[in-house]
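To keep things clear, I will list the structure first and then write my remarks on it.
Lettering follows sequence order; numbering is per chain, from 1.
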There are 4 protein chains.
Amino acid sequence: MQIGIIGLGRMGANIARRLQRGGHDCVVYDRAAEAVTALAGEGMTGATSLEGLAEALAAPRIFWVMLPAGDPTEATIAQLSDIAKAGDIVIDGGNTFYKDDIRRAKALAPKGLHYVDVGTSGGVWGLERGYCMMIGGEVETVRYLDPIFDCLAPGLGTIERTRGRHAADDRAERGYIHAGPAGAGHFVKMVHNGIEYGLMQAYAEGFDILKTKNSTMLPEDERYDLDLRDVAEVWRRGSVISSWLLDLTAEALVEDPSLEHFSGHVADSGEGRWTIHAAMEQAVPVSVLSAALYARYRSRRDHTYADRLLSAMRFGFGGHVEIPQ
Amino acid sequence: MQIGIIGLGRMGANIARRLQRGGHDCVVYDRAAEAVTALAGEGMTGATSLEGLAEALAAPRIFWVMLPAGDPTEATIAQLSDIAKAGDIVIDGGNTFYKDDIRRAKALAPKGLHYVDVGTSGGVWGLERGYCMMIGGEVETVRYLDPIFDCLAPGLGTIERTRGRHAADDRAERGYIHAGPAGAGHFVKMVHNGIEYGLMQAYAEGFDILKTKNSTMLPEDERYDLDLRDVAEVWRRGSVISSWLLDLTAEALVEDPSLEHFSGHVADSGEGRWTIHAAMEQAVPVSVLSAALYARYRSRRDHTYADRLLSAMRFGFGGHVEIPQ
Amino acid sequence: MQIGIIGLGRMGANIARRLQRGGHDCVVYDRAAEAVTALAGEGMTGATSLEGLAEALAAPRIFWVMLPAGDPTEATIAQLSDIAKAGDIVIDGGNTFYKDDIRRAKALAPKGLHYVDVGTSGGVWGLERGYCMMIGGEVETVRYLDPIFDCLAPGLGTIERTRGRHAADDRAERGYIHAGPAGAGHFVKMVHNGIEYGLMQAYAEGFDILKTKNSTMLPEDERYDLDLRDVAEVWRRGSVISSWLLDLTAEALVEDPSLEHFSGHVADSGEGRWTIHAAMEQAVPVSVLSAALYARYRSRRDHTYADRLLSAMRFGFGGHVEIPQ
Amino acid sequence: MQIGIIGLGRMGANIARRLQRGGHDCVVYDRAAEAVTALAGEGMTGATSLEGLAEALAAPRIFWVMLPAGDPTEATIAQLSDIAKAGDIVIDGGNTFYKDDIRRAKALAPKGLHYVDVGTSGGVWGLERGYCMMIGGEVETVRYLDPIFDCLAPGLGTIERTRGRHAADDRAERGYIHAGPAGAGHFVKMVHNGIEYGLMQAYAEGFDILKTKNSTMLPEDERYDLDLRDVAEVWRRGSVISSWLLDLTAEALVEDPSLEHFSGHVADSGEGRWTIHAAMEQAVPVSVLSAALYARYRSRRDHTYADRLLSAMRFGFGGHVEIPQ
C-alpha cells in the first residue's frame, strides 16, 4: 500500500524502512530536511511539506504520524485535519494519552476522516524483530490497514504458540491486535508501559540486593562475592523470571558489571503516570506500578525537602543531628 | 554418577527422573513408601530408610535432600550428619534460608562432610526444560558434582547467547552457577524469588487495570471491551515486556479469561520475606518487592483491622458512616 | 457582616450557626426546604431560591457555597454567575479541585465578580472548636472577608504558641491563612487531606500489628494479650505520636476495641487522588500517600483480578493450587 | 524508692534527674566518669563500677539500664546477672528487640532475678513533660515499681480525657501501661516507632508537594508562593492533622523554612525494621510503614545500583541515554 510517514526520528524512520522492505510505498516527511533526504536515498519518496506529502499520496490517503506525544503530534494532526479529504486515514503511532485519541476521533469524524491510534512497542529492535502493535479505531478502517500492520508486526516467528489457543482472529499471534474503538490501542500500550516500569524496578531492586551483598560496608563474614553477570545469565536459562528485559540486563552487565557509566538519573514518560491516573479512576490498587514510578522521580533528585523535614523533626523530638554518612 | 535422593515430591521425583534419564544412578528414599515404589518401578534403587539409602551408595556418597524447608530438611540433615562418613557430600536442593546453610556447613565441616546448597528454579517444567540452579559450597566439591548439575540444567539449548559474552566459565550459559561459599546458592535463589514476586505483581496490577476498564461500574463512554487473551498474546510478540511469566499468563487466560476458578488467596513462601530481611540488613529500598509481598498478605485477609480503624477515625472526625458497597 | 449560605448539610448548617452566634447575619438556602426551615427557626433568614437569597442580601453580596464538589457546586456557581452583580463575592467552601478554582476565577473576573476558595477542615467538631481554613483569592477580597474567617476560625485558644514565631500576620495562629491566589486555598487543603490519609494509615497498620499479635493464629508462646484501649491512651500522653487522630482512635477503641461494627469498606474523596496527581505533575515521590490511598481501594474490593492472576501464574509454573484459608 | 541508673546519656541522665526531683534516691553509674560526677553534683550518689553501684543499693535492688540497644545493653545485663542477688530487679529502659527481652527474662528467672522491659518515649522533652512508658514483665514486679513509673510519667496533666473512658486501671491515663509479660513493653514501643516513621513520612511528603509547588521548575502559571511556616501553623489549629510532630514541624520551619542546614541523610533505628519483621511474621500488609523506612534508606544513598540498572535497560531497548538533569 501507499502510506505517508510523518516524523522520521528513530522510530518513524525504521517503520518506514520496514514497510518499504515489505513492498509498501512510503512517502516521507520530517521538519528536518536531512532526515527526508536520508530516506529518499533509500528509495522512498521525500516530501518537503505536509501539503506536499498529501499531494504525493493517492486517495484514500494514509497518514502515519510518528512524533513525540503532546504538542508536536497535536499540531500536526490539527494541520492534517485541514489538509486531508473525506475518506482519508490519520494514524497516530506515538505515545499519546488515550483520551486525546477519543477527542480527536470525535473531532475528525464529521469531516469524514478516520482516526486510528497505534501503540507501538519494540524500540530500537523493531526494524529487525518487528513491532508489537496495539490498535484502536473503527473495525473496517483497521481491517483496511491490515497489510500495513501485518508487515510491521513480527509475525508468527519462532515463538512457541500458547497452549490451547485457537482464536478465529490470529492477528494477536502475528503481533498486533485491534483492541477496540479510538483510544483503546494507546490505552493498552499505556498499561504495557506501566507494567514495564514495574518489571524493570523488580529486577533493579533484586540486583541491588545482590550488589550490596558484595559490599565492603558489610561485616566480612556476611559478604559474598557474587558475579552479577553470571547470575543474570543463569536466570535466563530455565528460571521463572526469564524475560527479554533480563536478556538486556545480562547484556548490559557483560559490558560493564559496575554500570558506572550510567548516571542513575532515570527518566519517565507520560505513560507511567497515565497508568496511575487510570488506576485511580478505576480505584485499582497499583502499589507496584506506583513504587516503580516514584523510584524514578527519586533518582532524579538529590536530597529531597521531605528528607530534610524528617531530619528536622528528629532533631526536634530527639536532638538527633543528621550528618552526611 | 551414583546419587541418593531424599524426598520424592514433585520436585524430588522429577530431579531423580532427569538424572536417571541422563545416565546417572539414583538411589531414592521417601517417608511415603509408595513414592519409593513408583520410582523403583522406573528403574531406580529404592531404599526404606536413610540408613538403607546410605548403605546402597558407594563412598564418597552424595545425598541430595529435596524436602520442604524448615523442620523436615533440618531433621533429615541432622540425621545424615550421623549417618554420613568423612568425604561424603550433603546437598540441600530445597528453599532453605541461606543463613541456615552457613550454620550447617560450619557444623558438618569438622566431621569431614561437604555441604552444598542448591537453589533450584523450574517448577513443574524442570523435568523437560531442565532446572536453573544456583549453587553454594566449596569450589572442589561443586566441581566434583559437575556431571550432576550438567545433567539437571537446561544446557545451551536454543536460547540466544548474550551478545558480547565470552566467559571462561560457561556453566552459567548451560544453566547453573557456582555463586560462592555455603549459602550463596540459596541467597541468589532467594533474591530470584523476591524478583519473581515483583514481576508477577506488576503483571497482575496491569491486567487488573485492563479488566476493570471493561467494568460496568464505569460510565459507558469510559468503558472498553478489551480481550485480555489477545492482549497477553500480543505482548508475547515483540514487546518489551515479553517473558515466561507472560507466556503462562497467556495460557491461563486462554483457558478462562475470568480466572474465576481461582480463589484469589495467594500464598507466599519464606523466600519473599527473607528477601525483605536481606534488604533491611543492607539498607536497600525495595518498595516493589515489599509491595508485591504485602499484596499477597492482603489477598488472604477479608477486612483488616486496619481498614476498620480507618472507618472508626473517619466516623470520629467527620461523622462518616462506612457501609458496604 | 451579612452573608448568604448555600447548601445546609452538616458543614453548611454548622458554618451558618457559628457565624450567626458570632453576630453575623446569615441568609440561608438549600434545595431541601426543611433544612432552610430548621435554620430559620434558629433566627436566620431563609430563602426559597438562589434568586431569593440574592435579593435578601445587600451589595456587595457574599455567597458562601457549601455543596459537594463537582456537579452540584459547579452548577450553583454557574447560576450565581448570572445572578450576581459586579462587586459581589462568590466563595466555594467545599472540596473543589484547585484547577477548577483557577478556571472559575478567570471566568468570573470579567463580570466583576470576586472568587474565593476556602479549604475547610474541622468536620463535625467545627461548630464548637472552630474551623481551620486555607484560603485562595485576591488579597483585598480576602481581607474584606476577614470578620467572617475570624469568626469561623478557632482563634488563639489554649494551643501553645510555636516557639520563635513572630509573624506580622497572625491569621495563621488564629486558624486561617490566605495561601495565595485562586486555587491556593484548595491546593493546601488537598495536600492536608493527602497527609491525613497517610497519618491514618500509619496508625491503622500499627494497630493491626498489635491486634494480630493477640491472634490465636500465632503459636501460643509468640502471642501477647495487648489491651489496645490502653495502648492508644498511653500514646496520647507524652509520646512522639500523640495527635488528634490518636485521640479519636482512643475514643473509638473505648467504645468497642473489636471495631466490629465497622464494615471495613473505606471511602476516599477526590482530594486524596488529586494529591497524587499533583505529586506526579511535580515529580515528587509520594510512596506513603499513595499506599494509604490504595489501602482504601483495596478495602472496598473482595478478591481482585490481580490476586487471581497471581494464583493462575503460580499454578502455571509450580502447580500450586490456591485454596481459601 | 532507691534505684540504680546505669548509662547517663541524655535519656539516662534526665530520667535520673526526674526521679531525684520526684523524691527518689538515685545511685548512678556510667563508663564515663565525668557523667557520674555531673549528676553527683546534683545530689545523687555516684558509683565507679557496676559492683560499686550494687553495693550502694539496699535489697531488693533495682537496676535501670539505659544504654544503646544491642551489645552495650547485652553486656551490662550479663554482668548484672552475676552481680545481682535473688529478688533484685533488672530494668531495660532502652530500645531492645522484644525477643531479646523474652530470652533474658527466661535466663534470669532461675536466679530469682526479675526482668522488666520499658519502652520509653519522650526524647529530649521527657525531663519536663514526663515520659510515656510501655512496660513488660511480671504483674507483681511492675506493681512494685509503680512509684518509679508514676514519677517518670507525665501524669494526668491538662490533656483532655478520652470520652467514655472509665477503666479500673488509670495508669494509661497517667502515661504508662503494663502491656504484658516480658517483651510486651518493647513490642508496643517498637510498633510506636514504626507508626512514628509513617507519620513523619506522611508530613514530609505533603510538605514536599507544597514546596515543589513553589518551584521555578514549574511553568509560571502553575506555581504558587506558599508560605510553609503559615501552612504548618494553621494546620495546628482545628485541623484533622494536628499533632505533636506537626508542632515540631512548625517550630523547625519558623527557624528556617528552607531546612537547608539539614543534610537530608536520615538515620533509622532498629525499631522501624523490627516492626516490618513483626508484620511479616504476622502477615500484616504494612505498605506505609515500609515505605517510610525505605525513604530513609534511599536518603542515605546517592545513586543506587538499581537506578543505574534501569538506565541500562532503557538504553538496551530504546537507545535512551540517561544524562544528569
Can you give me the closest heavy-atom contact between B/Pro285 and D/Arg301, atom names plus distance?
CD-NH1, 3.6 Å

Applying a strict 4.5 Å limit to non-hydrogen atoms, the region of D/Ala291 in contact with chain B is neither

Would you find more than 12 non-hydrogen atoms of other residues, nucleotides or ligands less than 6.0 Å from B/Arg103 atom CZ?
yes

Once you round to the nearest 0.5 Å, how far does CZ of B/Phe317 lie from CD1 of D/Ile241?
11.0 Å

Which of the residues B/Val286, B/Leu293, B/Ile276 is involved in the greatest number of heavy-atom pairs with chain D at under 4.5 angstrom?
B/Val286

If we ignore hydrogens and angles and just use 3.5 Å, is the side chain of D/Arg273 paired with the main-chain N or O of B/Met280 as donor and acceptor?
yes

Counting heavy-atom pairs closer than 4.5 Å to chain B, which one of D/Ala283, D/Ser290, D/Ala306 comes out on top?
D/Ala283

Within a reach of under 6.0 Å around CD of B/Glu281, are more than 12 heavy atoms found that belong to other residues, nucleotides or ligands?
yes

Hey, which of D/Thr304, D/Asp268, D/Val240, D/Val284 has the most heavy atom pairs under 4.5 Å with chain B?
D/Val284

Please classify the contact between D/Arg296 and chain B as side chain, backbone, both or neither, with a heavy-atom cut-off of under 4.5 Å.
neither

Does a side-chain heavy-atom distance below 4.5 Å link B/Arg298 with D/Ser287?
no

Rounded to the nearest 0.5 Å, what separation is found between the OH atom of D/Tyr297 and the CD atom of B/Gln282?
10.5 Å

